[in-house]
Amino acid sequence: MEMIHQIIFSPTGGTQRVSEILCQSMGKESVVTDLCVKAADIKLPNIQEDDLVVIAMPVFAGRVPTLAVERLWMVKPNRAKCVVVAVFGNRAYDDALLEMQDVASETGFRVIAAVAAVSEHSIIRKYGKGRPDADDEQTLRQFGADIMSKAERDDCTMPQVPGNRPYKQRGQVPQPKGRRGCNRCGVCAKHCPTDAIPLSAPKTVDTTKCISCMKCVSVCPTGARSIGVIMNFLATQGLKKVCATRKENELHI
């Protein structure tokens with residue numbers, strides 16, 4: 001094993017945290033490639049066949065973000081072994097893990113493991129609050145050790161993962177805007193990976209570009225960017241039942 005690469009799409013930090021914990025028990029330093037930045041700022045990794053690649057993406061309404069998939073196609077896999085990680089907000093990951101495995105295989109990676117992991121919900125933060133927590137960390141570190149053991153045996157069998165083909169249709173996710181308290185500082189516009197927020201009018205959003213990743217919400221220094229009180233209430237009520245019980249992390253290997 002030469003090197004570990006983390007390829008992440010992590011708008012609000014939860015996906016990155018899961019990937020970091022997973023890699024901590026693998027015994028090697030890792031190099032991070034962030035795909036959730038402006039297109040011009042993406043620095044593609046130099047992956048070799050003997051490397052192990054951890055690809056981590058969030059789940060948006062049961063699917064992985066189209067933009068994350070498009071940017072993964074930019075990466076040259078060189079037949080490296082990889083682990084796909086779908087991170088969801090304590091609701092469900094639906095077809096996302098299967099979709100990630102399919103895409104990674106189609107691009108040329110050899111998928112040897114798949115992980116579904118829980119973090120705070122990116123929109124309604126009360127669901128999955130504080131996760132990954134201490135119990136999650138212990139589980140994810142064990143997952144990492146098990147994955148490394150398989151990789152070092154040069155076992156490239158593809159795991160069987162839950163999900164359906166064709167994948168479920170993409171659902172509508174609320175789009176955040178600048179609300180009361182916005183001082184037009186432009187931080188959200190500078191961090192938006194799709195350039196959906198005009199720097200000259202940061203309270204607005206280009207709805208044709210916005211992917212509802214909530215990165216703008218997470219970086220807003222005044223907490224002024226949100227989906228609004230009404231949409232927040234509706235989303236909270238809609239998720240109340242399905243997020244009521246604690247979901248656990250899963251390893252498919």
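We're numbering straight along the sequence, starting at 1. What you are looking at is a predicted structure, and each value in this text was computed from that prediction instead of being measured.
When atom types are taken as modelled, the side chain of N183 and the backbone of C185 share a donor-acceptor pair closer than 3.5 angstrom. Side-chain atoms of R170 never come within 3.5 Å of backbone atoms of F60 as a donor-acceptor pair (strictly under, hydrogens ignored). Side-chain N or O atoms of T139 include one that pairs as donor or acceptor with a backbone N or O of D135 at under 3.5 Å. For the pair K215 (side chain) and C36 (backbone), a donor-acceptor distance under 3.5 Å is present. Remark: the backbone N or O of C243 is paired with a side-chain donor or acceptor of N90 at under 3.5 angstrom. Formation of a donor-acceptor pair under 3.5 Å by the D51 side chain with backbone atoms of Q48 is found in this model. Formation of a donor-acceptor pair under 3.5 Å by the S119 side chain with backbone atoms of G14 is not found in this model. Although no hydrogens or angles enter the test, the distance criterion places no donor-acceptor pair under 3.5 Å between the side chain of R79 and the main chain of E49.
Residue pairs meeting the salt bridge (charged side-chain N to carboxylate O under 4.0 Å, His left out) criterion with at least one partner in residues 234-253, sequence neighbours excluded, are D133-R246, D136-R246, R246-E248. Within the structure, salt bridge (charged side-chain N to carboxylate O under 4.0 Å, His left out) pairs that include any residue of residues 183-202 comprise K38-D195 (at least two apart or interchain). Note on residues 8-18: pairs passing salt bridge (charged side-chain N to carboxylate O under 4.0 Å, His left out), not counting sequence neighbours, are R17-E20, R17-E137.
Side-chain contact between H121 and L239: present, with at least one pair of heavy atoms (C-beta onward) separated by less than 4.5 Å. By the 4.5 Å heavy-atom criterion applied to side chains, H5 and V54 are not counted as neighbours. N232 is not listed as a side-chain neighbour of L234, based on a closest heavy-atom distance of 4.5 Å or more. Annotation: side chain of I147 is in contact with side chain of M26 (closest heavy-atom distance under 4.5 Å). Proximity of R131 to N249: side-chain heavy atoms (C-beta onward) are separated by under 4.5 Å at one or more points.
Shown here is K168, whose NZ atom has more than 12 heavy atoms of other residues, nucleotides or ligands within 6.0 Å. Within 6.0 Å of CZ in R180 there are 12 or fewer heavy atoms belonging to other residues, nucleotides or ligands. For CD of Q169, the number of neighbouring non-hydrogen atoms (other residues, nucleotides, ligands) closer than 6.0 Å is 12 at most.
Residues S212 and Q175 bring no donor and acceptor atom of their side chains to less than 3.5 Å of each other. Residues S105 and R110 have side chains that never bring a donor and an acceptor to within less than 3.5 angstrom of each other. Side chains of K150 and T157: a donor-acceptor N/O pair is present below 3.5 angstrom, by distance only.
Other residues sharing a hydrophobic cluster with V219 under the 4.5 Å side-chain heavy-atom criterion for ILVMFWY residues are V187.
Residues that satisfy the side-chain contact (heavy atoms from CB on, under 4.5 Å) test with Y167, not counting sequence neighbours, are R63, D95, L98, E99, D102, R165. For the side-chain hydrogen bond (donor to acceptor under 3.5 Å, both in side chains) test, residues two or more places apart in sequence or in another chain that qualify with D206 are T208.
Rounding to the nearest 0.5 Å places CZ of F9 at 4.5 Å from CG of L67. We find the SG-CZ distance between C156 and F109 to be 13.0 Å, quoted to the nearest 0.5 Å.
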Inset, instruction - Please assess S218 against R225 for the test side chain to side chain donor-acceptor pair (under 3.5 Å), listing each intermediate value before the final yes or no. - result: CA-CA 9 Å; S218 68; R225 202 164 185 89; over 6 Å; no
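The existence of a salt bridge linking D154 and K81 is confirmed by a sub-4.0 Å separation between a basic side-chain nitrogen and an acidic carboxylate oxygen.
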